[in-house]
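All remarks here apply to the structure that follows.
Protein chains get the first letters and strands the later ones, always in sequence-line order, with residue 1 at the start of each.
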Protein chains: 2
Amino acid sequence: MKLKAYGKENSYPCAESLVVVDTPQAQGYSLEQVKNKVILGDALKVLKKLPSEAVDMVFIDPPYFLQLPNKTLRRWKVKSLVEAVQDDWDKFSSFVEYDTFMTQILSEARRVMKPNATIWVIATYHSIFRIGKIMQDLGYWILNDVIWVKTNPMPNWLGVRFTNATETLIWAVKDKKVKKYTFNREAAKEYGIGKIGANVWVLPICTGAERLKDGRGKRLHSTQKPVELLRRVLLTSTKEGDIVLDPVAGVGTTGYVARCLKRNFIMIEINPRYVEGIKKRFRDISLGNVPE
Amino acid sequence: MKLKAYGKENSYPCAESLVVVDTPQAQGYSLEQVKNKVILGDALKVLKKLPSEAVDMVFIDPPYFLQLPNKTLRRWKVKSLVEAVQDDWDKFSSFVEYDTFMTQILSEARRVMKPNATIWVIATYHSIFRIGKIMQDLGYWILNDVIWVKTNPMPNWLGVRFTNATETLIWAVKDKKVKKYTFNREAAKEYGIGKIGANVWVLPICTGAERLKDGRGKRLHSTQKPVELLRRVLLTSTKEGDIVLDPVAGVGTTGYVARCLKRNFIMIEINPRYVEGIKKRFRDISLGNVPE
DNA sequence: CAAAGTCCTGAATCATATG
DNA sequence: ACATATGATTCAGGACTTT
């Protein structure tokens with residue numbers, strides 16, 4: 001994460017005016033109403049209220065539907081437990097339900113994209129294949145799969161499968177015919193392995209001070225994405241002044257990095273605790289505390 | 001490729017008795033009839049004639065569905081399987097064809113697998129997402145996606161997208177309940193990056209002397225897989241004496257490496273020119289010419 | 001203060017046996 | 001099918017503690 005502070009001399013709202021609370025009464029939002037805002041509300045409901053062909057890029061970090069067992073995994077020697085992802089937002093009753101959810105989100109996102117916009121979706125093997133298939137069926141044209149190789153993944157203790165050290169990002173345009181989308185070739189060459197602009201990014205997961213904590217010092221979000229990942233996404237596929245949409249914002253890494261890189265953002269998040277985390281991050285920007 | 005020669009003192013057939021020609025009259029094959037044979041015939045037709053729960057591992061390198069007009073799947077003549085319906089939208093109809101073809105292949109492969117067998121499927125982003133989704137819907141339980149990072153990928157750098165330097169392998173068992181499948185953790189640690197047996201393999205594409213040529217010196221097969229890739233697949237997920245099935249054998253890298261590593265194989269290939277290439281490779285083994 | 005050692009944890013579909 | 005009891009296992013990296 002090599003973000004520079006851009007000071008306060010800009011037109012972004014302060015943390016306190018950051019949030020727009022969605023209501024059933026709100027029929028629709030103009031671009032100006034939601035630009036550089038976090039909309040507190042349901043992803044799909046809010047997406048449907050956004051104007052068509054409005055944004056330059058979409059980043060989606062959806063629930064992965066990990067299907068983890070309810071039983072806890074206890075470390076030997078160490079008394080701690082493995083805190084697996086058990087959030088309600090990752091619970092689906094079946095693949096059908098998951099597919100329906102993702103189809104709706106991806107369909108609305110496609111409507112909101114400008115004709116030459118691009119979209120990124122990240123997931124692991126648990127769901128990335130379903131997502132990619134749905135995207136192709138909706139008409140999206142896949143440009144790349146980009147492999148995020150984690151330098152510090154959770155190892156596979158019992159030695160029954162390969163250590164899952166990767167996540168996959170799908171990068172696509174709305175349609176096969178789209179040609180003039182934004183791609184920063186110099187940034188791509190810088191990040192990919194081997195100086196050939198390869199589709200492989202090697203970087204660590206989000207830990208340490210970057211990881212937001214709740215009041216008790218526990219992680220605020222179980223799957224916070226690293227700043228560096230979003231930095232690469234934004235610098236390779238957007239320009240300054242572009243509008244970036246993240247309908248499943250979580251603790252808002254997308255908008256946070258977009259703000260630091262002079263991009264505009266629209267974020268949607270339904271969990272007020274996560275939105276509080278976003279506000280804290282934006283307060284930090286105002287105070288000049290940005291990642292170096 | 002660090003394969004050792006195992007000499008001629010074994011029970012594998014010589015190259016000349018390697019091939020079994022499938023015929024419409026053949027109702028079904030016993031394991032002994034096809035063990036360590038190449039069956040010249042249609043993948044799906046032959047698969048249906050194989051006994052159930054017969055093999056320990058399946059490796060499938062299917063056609064890649066590059067979505068090139070008029071080129072997709074010609075070799076497979078899948079149209080006859082799905083009949084009409086597809087005079088609507090070109091892309092969608094070709095998706096239907098591909099999905100139908102892969103569903104049938106993967107369904108029959110699942111029947112032929114022993115209860116604790118595993119399956120590998122390799123593809124690029126053009127088709128891997130559809131394949132993974134189909135596998136999950138058929139009941140397969142994905143163990144890993146393994147990323148093959150090519151050190152010398154096709155230099156397709158036009159500056160409009162990332163250089164596609166990867167292929168993805170899906171490794172799965174028949175069902176979520178399967179536990180006692182073969183996994184060689186030490187081999188996994190040796191091959192994966194880092195010391196954690198990660199799901200990332202870095203190795204070059206098949207070039208040089210390893211690449212089979214036709215009579216005019218042109219490459220015999222457009223997507224011949226490297227020996228080293230199959231070596232890793234076989235050493236991580238099979239034991240000596242196991243039976244490995246490859247229903248889309250191409251120039252037979254799977255069986256060739258299996259033979260060198262004392263595994264048994266069953267290969268299916270419809271193209272006689274490819275089968276001739278396989279015979280040549282097995283003649284080379286008899287002559288002691290194996291990859292070092 | 002620096003260096004060395006300890007602790008903690010991370011999107012994890014991670015086992016087997018018995019009731 | 002589910003619940004419970006028991007047993008065996010991992011590495012990178014940052015935070016924290018001790019020397």
Side-chain angles (χ1 to χ4, degrees), chain A residues 1 60-92 94-95 98 121-131 148-169 202-213 216-226 228-229 248 250-251 253 291, chain B residues 116 118 132 135-136 139-145 170-186 188-189 192-200:
Chain A
M1 25 170 207
I60 304 184
D61 178 14
Y64 290 3
F65 191 27
L66 292 180
Q67 299 184 257
L68 294 171
N70 280 320
K71 62 183 176 186
T72 53
L73 191 57
R74 186 164 19 106
R75 290 183 168 93
W76 198 35
K77 296 183 183 176
V78 191
K79 52 187 172 185
S80 62
L81 299 175
V82 174
E83 296 192 34
V85 174
Q86 294 294 352
D87 305 81
D88 285 340
W89 48 252
D90 199 46
K91 297 275 190 279
F92 294 87
S94 65
F95 277 139
Y98 184 79
V121 188
I122 183 170
T124 56
Y125 68 88
H126 307 84
S127 54
I128 194 65
F129 304 118
R130 316 191 74 77
I131 291 170
W148 170 21
V149 178
K150 307 175 190 180
T151 57
N152 51 350
M154 175 99 127
N156 184 297
W157 305 347
L158 303 186
V160 293
R161 57 177 70 181
F162 298 90
T163 293
N164 182 30
T166 62
E167 299 198 19
T168 299
L169 299 104
V202 181
L203 62 133
I205 60 177
C206 180
T207 59
E210 186 184 324
R211 192 92 195 224
L212 294 182
K213 303 294 195 302
R216 301 185 308 263
K218 304 290 287 183
R219 64 188 187 194
L220 178 57
H221 191 286
S222 57
T223 66
Q224 184 181 340
K225 291 291 173 291
E228 176 63 18
L229 182 74
V248 196
V251 288
T253 306
Chain B
N116 64 341
T118 66
M135 290 179 72
Q136 289 181 315
Y140 283 109
W141 188 249
I142 298 177
L143 297 169
N144 284 110
D145 53 349
I170 295 176
W171 186 44
V173 286
K174 290 177 76 166
D175 190 271
K176 179 178 183 173
K177 297 187 301 294
V178 176
K179 296 296 179 191
K180 294 188 175 179
Y181 51 88
T182 298
F183 178 63
N184 183 341
R185 147 186 256 176
E186 297 311 315
K189 283 191 177 186
I193 59 172
K195 299 172 184 172
I196 55 174
N199 62 328
V200 180

Looking across every strand, which nucleic acid part, if any, lies under 4.0 Å from A/A123 by heavy atom: base, sugar-phosphate, or nothing?
nothing

Give B/R185 one of three labels, base, sugar-phosphate or nothing, depending on what nucleic acid heavy atoms sit under 4.0 Å from its own.
sugar-phosphate

To the nearest Å, give me how far apart [atom1] ([X]) and [atom2] ([N]) are.
| X | N | atom1 | atom2 | result |
| --- | --- | --- | --- | --- |
| B/I142 | C/dC14 | CD1 | P | 13 Å |
| B/I193 | D/dC11 | CD1 | P | 14 Å |
| A/R161 | C/dA15 | CZ | C1' | 12 Å |
| A/N156 | D/dA8 | CG | P | 18 Å |

Residues 151-160 of chain A vs salt bridge (Lys or Arg N to Asp or Glu O under 4.0 Å), sequence neighbours excluded, gives none

Where the side chain of [X] meets the backbone of [Y], is there a donor-acceptor pair that is under 3.5 Å apart?
| X | Y | value |
| --- | --- | --- |
| A/R211 | A/H221 | yes |
| B/N144 | A/R161 | no |
| B/Y181 | A/V160 | yes |
| A/S127 | A/Y64 | yes |
| A/T168 | A/A123 | no |
| B/N116 | B/K180 | yes |

Whole-Å [atom1] distance, [N] and [M]:
| N | M | atom1 | result |
| --- | --- | --- | --- |
| C/dA11 | D/dA8 | P | 29 Å |
| C/dT13 | D/dT6 | P | 27 Å |
| D/dT17 | C/dC1 | C1' | 15 Å |
| C/dA12 | D/dG7 | P | 26 Å |
| D/dA1 | C/dC14 | P | 16 Å |

What heavy-atom pair brings A/P63 and A/Y98 nearest, and what distance separates the two atoms?
O-OH, 2.7 Å

Considering all heavy atoms of both residues, which atom of A/F95 and which atom of A/H126 are nearest to each other, and what is their separation?
CE2-O, 4.4 Å

Those residues that, when tested against B/W141, pass ring pair (Phe, Tyr, Trp, His ring centres under 6.0 Å) (two or more places apart):
none

Return the set of residues passing ring pair (Phe, Tyr, Trp, His ring centres under 6.0 Å) with A/F162 (not counting sequence neighbours), or none when no residue passes.
B/W171, B/F183, B/W201

D/dT6: syn or anti, with syn meaning chi within 90° of zero?
anti

When every nucleotide of nucleotides 2-12 of chain C is labelled 5' to 3' by its protein contacts under 4.0 Å (heavy atoms), B for base, S for sugar-phosphate only, - for none, what sequence of letters results?
------SBBBB

Give the residues of residues 170-184 of chain B touching DNA chain D, defined as any heavy atom closer than 4.0 Å, sorted by residue number.
none

DNA chain D in dot-bracket form (Watson-Crick or G-U pairs under 3.5 Å, [ ] crossing, | inter-strand) is .|||||....|||||||||

Between A/T163 and D/dT10, is there a side-chain N or O to OP1/OP2 distance below 4.0 Å?
no

Is any side-chain heavy atom of B/T118 closer than 4.5 Å to a side-chain heavy atom of B/T182?
no

